[in-house]
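Read the structure below first, then the notes.
Whatever order the structure lists ligands and atoms in, that order sets their numbers, starting from 1. Source: prediction; values computed, not measured.
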Amino acid sequence: MSHDRIPLAGVIGSPVAHSRSPQLHTHWLKTLGIPGYYIPMDVTEADLEGVLRTLPKTGFRGVNITVPHKEKALELADMVTDRATIIGAANTLVFRKDGQIQADNTDGYGFIENLRQNAPDWDPASGPAAVLGAGGAARAVIAALLDVGVPEILLSNRTRVRAETLQERFGRRVLVIDWVQAGNMLEDAVTVVNTTTLGMVGNPPLRVPLDGLRKGAVVTDLVYAPLQTRLLIEAEKVGCVTVDGLGMLLHQAVPAFERWFGTRPEVDTATRAAALR
Ligand code: NAP
């Protein structure tokens with residue numbers, strides 16, 4: 001083909017209508033003057049492979065992958081980055097010029113960058129981290145925390161066996177705490193992370209006792225609807241540094257956008273506003 005195709009990217013999930021990624025990437029495309037498009041696509045598991053093999057032929061440079069296809073996308077990819085292998089799921093695919101599909105996972109990167117930007121004095125190596133929840137997002141968070149030198153991760157999940165599976169995956173720096181004891185583990189933590197769906201609109205709030213939270217600890221919630229969860233409100237009252245979950249969503253998108261469209265975008269207040277529209 002002699003002409004350049006319009007650069008395209010998008011997000012594949014089912015359902016996908018709730019995704020904030022289209023507003024976010026469209027905002028960056030517009031502000032950077034890139035003549036591309038970012039499209040939400042609702043795709044069934046049965047159609048996933050066919051869609052992924054077809055999209056590169058139409059100008060797609062890659063896609064984000066969301067629930068429920070993150071594990072399947074990893075299986076279908078021709079190449080997988082180390083961090084996606086460790087996490088066991090892909091959230092970003094890059095369609096390479098040689099026809100190969102590369103799977104990556106940028107959730108852990110987004111998680112760390114959000115804390116670095118919004119809690120600049122955060123020192124992950126200065127003490128244990130407490131992680132609530134052991135689902136897909138927890139895997140990315142734990143991998144990222146270990147990577148930045150957290151000495152120990154206290155991990156608690158309603159279904160204990162899922163936390164134990166993560167301990168086997170990540171090794172002895174992860175310590176499993178029973179869900180009924182989750183409040184106690186907060187006392188030692190300099191970093192506290194909610195990776196459960198508790199506190200999200202339509203779900204019950206996080207009922208773990210929060211009185212053990214330590215003044216000065218950095219507390220973050222992956223839930224970003226609402227932006228101010230009970231965890232963050234209570235943590236702020238006792239003098240913790242709080243960081244909401246929207247920044248993680250924004251930062252995980254940066255490396256993907258750069259790979260697809262060739263320019264590294266900024267995460268600033270206009271980016272936040274665009275994602276919330
Ligand atoms: P997931 O794999 O379905 O895991 C859900 C987690 O929530 C599990 O640990 C589950 O415990 C726990 N949970 C659910 N209901 C509970 C209840 N009633 N009581 C106690 N624990 C409960 O989901 P995920 O993909 O990890 O996502 C988790 C959250 O992170 C979601 O709110 C998602 O929107 C958010 N997230 C945010 C970002 C971001 O960029 N900010 C990125 C990724 C995910 P069990 O194992 O006992 O079921």
Nearest protein heavy-atom contact for [atom]: which residue, which atom, what distance?
atom	result
atom 6 (C) of ligand 1	T196 CA, 3.9 Å
atom 2 (O) of ligand 1	G136 N, 3.0 Å
atom 14 (C) of ligand 1	T197 OG1, 3.1 Å
atom 30 (O) of ligand 1	L222 CB, 3.7 Å
atom 42 (C) of ligand 1	M248 CE, 3.7 Å
atom 44 (C) of ligand 1	A137 CB, 3.7 Å
atom 18 (N) of ligand 1	R158 NH1, 3.2 Å

Original post:
Is K70 paired with D104 through a side-chain N to carboxylate O contact shorter than 4.0 Å?
Top reply: no
**OP:** Before accepting this row, confirm whether a basic side-chain N of the pair D244/R272 lies closer than 4.0 Å to the acidic partner's carboxylate O.
**Re:** yes
With a cut-off of 4.0 Å, which atoms of ligand 1 are near a heavy atom of [X]?
X	value
R162	8 (C), 45 (P), 46 (O), 48 (O)
W179	20 (C)
V223	32 (O)
T195	28 (C), 29 (C)
G133	9 (O)

Original post:
Going hydrophobic residue to hydrophobic residue with side-chain gaps under 4.5 angstrom, can you get from Y224 over to V219?
Top reply: no
If you measure from [atom] to every heavy atom of [options], which option wins on shortest distance?
atom	options	value
atom 4 (O) of ligand 1	A225, G135, A140, P68	G135
atom 32 (O) of ligand 1	R139, M200, R160	M200
atom 45 (P) of ligand 1	L198, V131, T159	T159

Proximity of [X] to ligand 1 by residue part, where a heavy atom lies under 4.0 Å:
X	result
F111	neither
A134	backbone
N157	side chain

**OP:** Compute the shortest N/O to N/O distance between L249 and ligand 1 and return yes if it is under 3.5 Å, no if not.
**Re:** yes
Original post:
Hey, are N91 and T106 close enough side-chain-wise for a donor-acceptor pair under 3.5 Å?
Top reply: yes
Subject >> Side-chain donor-acceptor pair present, H69, E45, cut-off under 3.5 Å >> reply: no
Subject >> Q102 and D78: CA distance, side-chain angles, deciding distance, side-chain hydrogen bond (donor to acceptor under 3.5 Å, both in side chains) verdict >> reply: CA-CA 6 Å; Q102 184 190 44; D78 306 305; over 6 Å; no
**OP:** Taking all non-hydrogen atoms of both residues into account, name the closest pair between P56 and R5 and its distance.
**Re:** O-NH1, 4.1 Å
Original post:
Hey, does the side chain of N118 reach the backbone of N114 with a donor-acceptor pair shorter than 3.5 angstrom?
Top reply: yes
